[in-house]
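Please read the structure below before turning to the comments.
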Amino acid sequence: MALHQRLQKKPSIRQEEDGKRLLFECRIQADPRPVVTWFHNTTPVSESPRHKLKIDKDGHSYFATLEITNVTVEDAGKYKVTAKNELGESNATISLNFDSGDNAAGFAPSFIEKPKIIPNESGTLITMKCKCKAKPKPQVTWYRGTSVVTESSKISINITDVEEDIYELTLEIKDPSAPDGGTYRCHVKNEFGESNANLNLNIEAEPEPEGEGPTFVEKPRITSHQGGKLVVMDCKVRADPKPTIVWYREGKVVSESTKIKIVVEKVEEAVYYIKLELKDPDMDDSGLYKCNIKNTLGELNANLTLNIEIIPVIKEKPKVIKIIKKRTVIVECKVQSKFAPQCTWFKEADAVKEDSRHTVHIEQVNDGEFNVKLEINEVIKEDKGYYKLVARNEKGEATSQSVEVTELPPEEKPKGEKPKISKLTNITIEEGRSVDFISTLKIVDKTVIVIWYKNTTVIKESSEFKMTFDGSTARLTISKCKLSHGATYKIVMKNEFGEDESSAILTVKEKKEEQEQTVENDKEAEKKEEVNWQNTIFFTLLTTQQIIFIHSALLSSVFLKCTFLFLVFEFLQIFTFSILFYITA
């Protein structure tokens, strides 16, 4: 069965966490489920970090809750809850006021009757009587002048519960005398405020002064106007004669100024309207205010706590701090805000994102004051530039002046060790062969510079010399060594922390096989010459035999005989010269 929605109970306000958290609660009977909307004055209330909306089902009933945290004076006003479904609509309103008046938790003491001095018929007892209203029960202190009055055999002090939250306060003086005369004051106090009543005791029974001490007609309250640009703290009191008014903030007297106005107006007979106006309130104006209302017949006080949340305020230019050892730059700015603001740092027009090098810290240093830091680690050249802070809260945002980061912490000289290398060894080798000089680093370091020397001359890469280094091993290769390559070779390895070196001697020997081949070649040449000489003699002898043979054939001719003898003589002469030449060679 469908039900038209109906508010079963008027909305109520529940206070938690000493007033910092408020719960508006309302029970609604409806079917189907209603749509519930809350309004603050005429503005719909939406879900936010400070406002939480909730509705729980219980049979055909629904329990709607509006929760407000971090309550401020601007939350005061009229709240309306509307429940609506397809069958109809219902609504109810409730007002939230910030004042020190009566409430479930308690209220400040106030005197509800004019103080009286009552002597007995015989004059042996005088009773001073006051009646006050307070919750919880007040502490009572009596004064004569500025001195506290304590109980004794002559003086009795009593507090009597007359009815709920109403108390009768009495001070009795036995056998009063002239020294007991003077001004008496009854001071009552509880956690919500305090009040005083004055009585003048004239032992000669002079008539009591006419009038009454101050009492509240309308309890003190705090209201916000003009979109938060004006805060009013006011109350109405009854007093005769006219009271004097003094306002205090955190124990210090509040005086009128360009932003503070104090008003006391008589609105009817013996009734006064008391008001303090605060223009353009900021964080510095928050705190405990006390209104002291006093005349010759009594004194009244009311305490009001003003919490103000405004847009963040940045009064000073950010500062730049350098930490040289960590190579860190910190840009620091102070922000005034009731609660921690959302903060974004900008470098020129770009938002600085948090990462391994950039960190944002928000630290509360005082009530309503935060220190916002941008920490830049392992700074580099690109970190130079102009930085500014933007701080935001629900009321708005504030932007700081720009500050320039111009100088960065100097780079620390890196720590390390000079190279340590293995020693070169002396080498002896035959000419024509290749040789390698090798040295190894004990710790791999590809940044090491390697230089080779032949005696005192730096070796350069060529067809004869090849050099390699892989960060661990350095090698010098000499291809086809010559006798001229024999020398002292040195390697130097160095880095930014120092150098190490080693030397070795290369000895190149003449090749043995070539010497033996030369001797064999000489012997073969000698053998060839000997054979040639033998062949020459053989040829000569052969020729001689031939000549003799011819001589025998031609002996018959005298002319030919003479010619033959001449030829033999010439041949013998040539043969002799040939033998002498061979021997000489």
Side-chain angles (χ1 to χ4, degrees), residues 413-540 574-585:
K413 187 175 181 180
K415 297 178 181 179
E417 296 181 356
K418 69 176 186 177
K420 293 181 181 179
I421 65 175
S422 61
K423 301 301 180 184
L424 299 176
T425 56
N426 296 332
I427 299 175
T428 301
I429 195 169
E430 292 181 352
E431 63 177 331
R433 294 190 176 183
S434 296
V435 67
D436 289 324
F437 284 105
I438 298 173
S439 181
T440 304
L441 275 171
K442 293 187 177 180
I443 299 176
V444 175
D445 185 356
K446 291 188 177 182
T447 65
V448 165
I449 298 172
V450 179
I451 304 173
W452 288 93
Y453 293 86
K454 179 184 177 185
N455 294 328
T456 59
T457 304
V458 175
I459 299 173
K460 296 183 179 179
E461 188 91 9
S462 67
S463 58
E464 295 179 335
F465 298 101
K466 301 293 182 183
M467 292 170 283
T468 60
F469 177 62
D470 61 2
S472 174
T473 302
R475 183 187 302 269
L476 172 65
T477 302
I478 306 173
S479 303
K480 296 181 181 180
C481 287
K482 302 176 184 178
L483 293 176
S484 61
H485 288 144
T488 298
Y489 289 83
K490 179 173 74 172
I491 183 173
V492 176
M493 292 195 190
K494 59 183 178 181
N495 61 15
E496 58 186 313
F497 306 108
E499 62 182 46
D500 195 9
E501 64 179 45
S502 179
S503 301
I505 298 172
L506 173 63
T507 304
V508 182
K509 290 186 177 182
E510 189 176 1
K511 194 171 182 180
K512 293 181 181 180
E513 292 180 0
E514 292 181 357
Q515 293 175 349
E516 291 174 357
Q517 187 67 34
T518 301
V519 172
E520 289 177 2
N521 291 341
D522 291 343
K523 287 181 180 180
E524 288 179 5
E526 289 177 2
K527 288 180 180 179
K528 287 180 180 179
E529 288 180 2
E530 184 177 352
V531 170
N532 291 336
W533 178 73
Q534 290 174 353
N535 290 337
T536 302
I537 295 174
F538 173 76
F539 175 77
T540 303
I574 291 170
F575 177 72
T576 303
F577 283 144
S578 295
I579 293 173
L580 289 173
F581 176 78
Y582 176 76
I583 294 171
T584 303

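Throughout, numbering of the chain's residues begins at 1 and tracks the sequence.
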For side chain to side chain contact (heavy atoms under 4.5 Å, CB included), just list the numbers for Lys418 and Glu499, CA-CA rounded to whole Å, side-chain angles, deciding distance to a tenth of an Å, and then say yes or no. CA-CA 6 Å; Lys418 69 176 186 177; Glu499 62 182 46; over 6 Å; no

Take Tyr489 and Ile427 through the test side chain to side chain contact (heavy atoms under 4.5 Å, CB included) and record every step on the way to the result. CA-CA 10 Å; Tyr489 289 83; Ile427 299 175; over 6 Å; no

Shortest non-hydrogen separation from [X] to [Y] and the atoms involved:
X      : Y      : answer
Met493 : Val450 : CG-CG2, 4.0 Å
Ser502 : Ser422 : CB-O, 4.3 Å
Phe465 : His485 : CZ-CD2, 4.2 Å
Val508 : Glu430 : CG1-C, 4.2 Å
Leu424 : Trp452 : CD1-CZ3, 3.9 Å
Pro419 : Asp500 : O-CB, 3.1 Å

Side-chain donor/acceptor of Asp445 to backbone N/O of Thr447, under 3.5 Å: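 Between the backbone of Thr447 and the side chain of Asp445 there is a qualifying donor-acceptor contact (under 3.5 Å).
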
Look only at the side chain of Asn426 and the backbone of Thr507, and say whether a donor-acceptor pair between them is shorter than 3.5 Å.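 Answer holds: no.
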
Quick one: [atom1] on [X] to [atom2] on [Y], what's the gap to the nearest 0.5 Å?
X      : Y      : atom1 : atom2 : answer
Arg475 : Asp470 : CZ    : CG    : 9.0 Å
Lys454 : Glu464 : NZ    : CD    : 7.5 Å
Ile478 : Ile459 : CD1   : CD1   : 6.5 Å
Ile421 : Ile438 : CD1   : CD1   : 13.0 Å

Between Thr457, Ile451, Thr456, which is the residue that forms a side chain to side chain contact (heavy atoms under 4.5 Å, CB included) with Tyr453?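 For Tyr453, the side chain to side chain contact (heavy atoms under 4.5 Å, CB included) test succeeds with only one of Thr457, Ile451, Thr456, which is Ile451.
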
For side chain to side chain contact (heavy atoms under 4.5 Å, CB included), just list the numbers for Leu476 and Ile491, CA-CA rounded to whole Å, side-chain angles, deciding distance to a tenth of an Å, and then say yes or no. CA-CA 9 Å; Leu476 172 65; Ile491 183 173; over 6 Å; no

Stepwise side chain to side chain contact (heavy atoms under 4.5 Å, CB included) test for Lys480 and Arg433: CA-CA 5 Å; Lys480 296 181 181 180; Arg433 294 190 176 183; over 6 Å; no

